[in-house]
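Beneath this line is the structure, given in structure tokens, with notes to follow.
Note that ligands are numbered from 1 as they come in the structure, with each ligand's atoms numbered from 1 the same way. The residues of the chain are indexed from 1 along the displayed sequence. Keep in mind that what you see is a predicted model, and the values were worked out from it rather than measured.
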Amino acid sequence: MDFGLAERIEVYREFVNPVIAEIKTYSPIHGDLVRNRNVIDILRAYENANAVGISYITAREFKGDFENLKLICKETELPVLRKDFILSKEEIERTASAEASAILLIARLLGHKTAEFVDLAHESDLEALVEVHSAEDIQIVEESKAEIIGINNRDIMKLEKDDGDVSVTERLSGLISVKGRIVVSASGIRTLEDLKRALKCADAVLIGTALMMADDPESKLRSFVEG
Ligand SMILES: O=P(O)(O)OC[C@@H](O)[C@@H](O)c1c[nH]c2ccccc12
């Protein structure tokens, strides 16, 4: 049986640093991140370095491509998280049809519809990773049945134009009162020190840019996972 993302994080965290490795095509700050490489080669590098899961951004603001999501899901046994600005039930169903195992839902975007969208994700057999960036967002996610809370160290509505570091995770993780949910720290994690700080108050981290900008993503990821 292939475990979902939440369960895999719980198993991995006993042995390694659980890292959700992101295949990120483009960054508003750094520009093109794929740099003519093959997406599947990047996927294999992440698999070889023991990523706990794969994240792929389909959002057009990040030059993502839904066909690539389908290809990645077909090519890997790891759980795949689809990241986009999800605003409709159809997009949830499309994510399930691509055979992703988890979907990103943004509390800031969905507001009090978040709980309903989490239930819709579950109806499509998808795990819900609800992303938060404020105390208000935490209240919203706690009204839902989301199994994974993603603390974004940046405000995604600013499309990475803002700075953000693990101090956001340190501050917000303390506000989570409903226990038993997996907490993931995402964005702006560039060094093993950032990772260690994040894992003091989160169960896993999600890293994109630092891996995509590395000359050798496999060894870069291995240094985070085994560090
Ligand atoms: O590249 P970074 O700093 O490691 O951040 C990764 C990830 O957190 C970021 O890409 C992200 C977080 N939430 C999103 C929502 C949409 C698109 C992208 C994102």
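- Atom 13 (N) of ligand 1 has its nearest heavy-atom neighbour, among E131, M157, M212, in E131.
- The structure places CD1 of I9 at 13.0 Å from CZ of F3, a figure rounded to the nearest 0.5 Å.
- Listed by number with element, the atoms of ligand 1 under 4.0 Å from a non-hydrogen atom of R154 are 2 (P), 3 (O), 5 (O).
- The pair R8-E127 does not meet the salt-bridge criterion, since no charged nitrogen lies less than 4.0 angstrom from a carboxylate oxygen.
- In terms of polar-atom proximity, G188 is counted as a contact of ligand 1, with an N or O under 3.5 Å from an N or O of the ligand.
- Residue R190 places its CZ atom among 12 or fewer non-hydrogen atoms of other residues, nucleotides or ligands, all under 6.0 Å distant.
- Salt bridge annotation for E218-R222: present, with a cationic side-chain nitrogen under 4.0 angstrom from a carboxylate oxygen.
- Look at K89 and E93 and you find a salt bridge, because one of the NZ, NE, NH1 or NH2 atoms lies within 4.0 Å of a carboxylate O, short of that distance.
- Distance from atom 12 (C) of ligand 1 to its nearest protein heavy atom, with residue and atom name: K83 NZ, 3.1 Å.
- We find that K196 and E193 are not joined by a salt bridge, their nearest charged nitrogen and carboxylate oxygen being 4.0 Å or further apart.
- Atoms of ligand 1 found under 4.0 Å from any heavy atom of L206, numbered from 1 in the order shown, are 6 (C), 7 (C), 8 (O).
- Nearest protein heavy-atom contact of atom 14 (C) of ligand 1 is I156 CD1, 3.6 Å.
- In this structure, L104 counts as a contact residue of ligand 1, since one of its heavy atoms falls inside 4.0 Å of the ligand.
- For atom 18 (C) of ligand 1, the closest non-hydrogen atom of the protein is I57 CD1, 3.5 Å.
- The neighbour count for E61 CD, taken as heavy atoms of other residues, nucleotides or ligands under 6.0 Å away, is above 12.
- Residue N152 has at least one heavy-atom neighbour below 4.0 Å for each of these atoms of ligand 1: 12 (C), 13 (N).
- Of the protein's heavy atoms, F62 CE1, 3.6 Å lies nearest to atom 17 (C) of ligand 1.
- Residue-ligand proximity, A186 to ligand 1, at heavy-atom distances under 4.0 Å covers atoms 8 (O).
- Within the 4.0 Å heavy-atom criterion, the part of E160 lying near ligand 1 is the side chain and not the backbone.
- Here the protein heavy atom with the shortest distance to atom 4 (O) of ligand 1 is G208 N, 2.8 Å.
- Look at I207 and you'll find a heavy atom under 4.0 Å from some atom of ligand 1.
- Counting heavy atoms under 4.0 Å from ligand 1, residue E22 touches it through the side chain alone.
- In this structure, D155 pairs ionically with R108, as a charged nitrogen and a carboxylate oxygen lie closer than 4.0 Å.
- The contact set between ligand 1 and K24, taken as ligand atoms under 4.0 Å from a residue heavy atom, comprises 1 (O), 2 (P), 5 (O), 6 (C), 9 (C), 10 (O).
- Contact annotation: for D84 versus ligand 1, there are no heavy atoms closer than 4.0 Å.
- For the atom pair E143 CD and E116 CD, the distance stands at 12.5 Å (nearest 0.5 Å).
- With hydrogens and angles left out, the side-chain atoms of S177 and E142 include a donor and acceptor closer than 3.5 Å.
- Counting heavy atoms closer than 4.0 Å to ligand 1, residue T209 contributes atoms from both its backbone and its side chain.
- Between I23 and the choices V39, L69, L33, the side chain to side chain contact (heavy atoms under 4.5 Å, CB included) rule is met once, by V39.
- The protein atom (non-hydrogen) at minimum distance from atom 8 (O) of ligand 1 is S187 OG, 2.7 Å.
- In the displayed structure, D41 atom CG is contacted under 6.0 Å by more than 12 heavy atoms of other residues, nucleotides or ligands.
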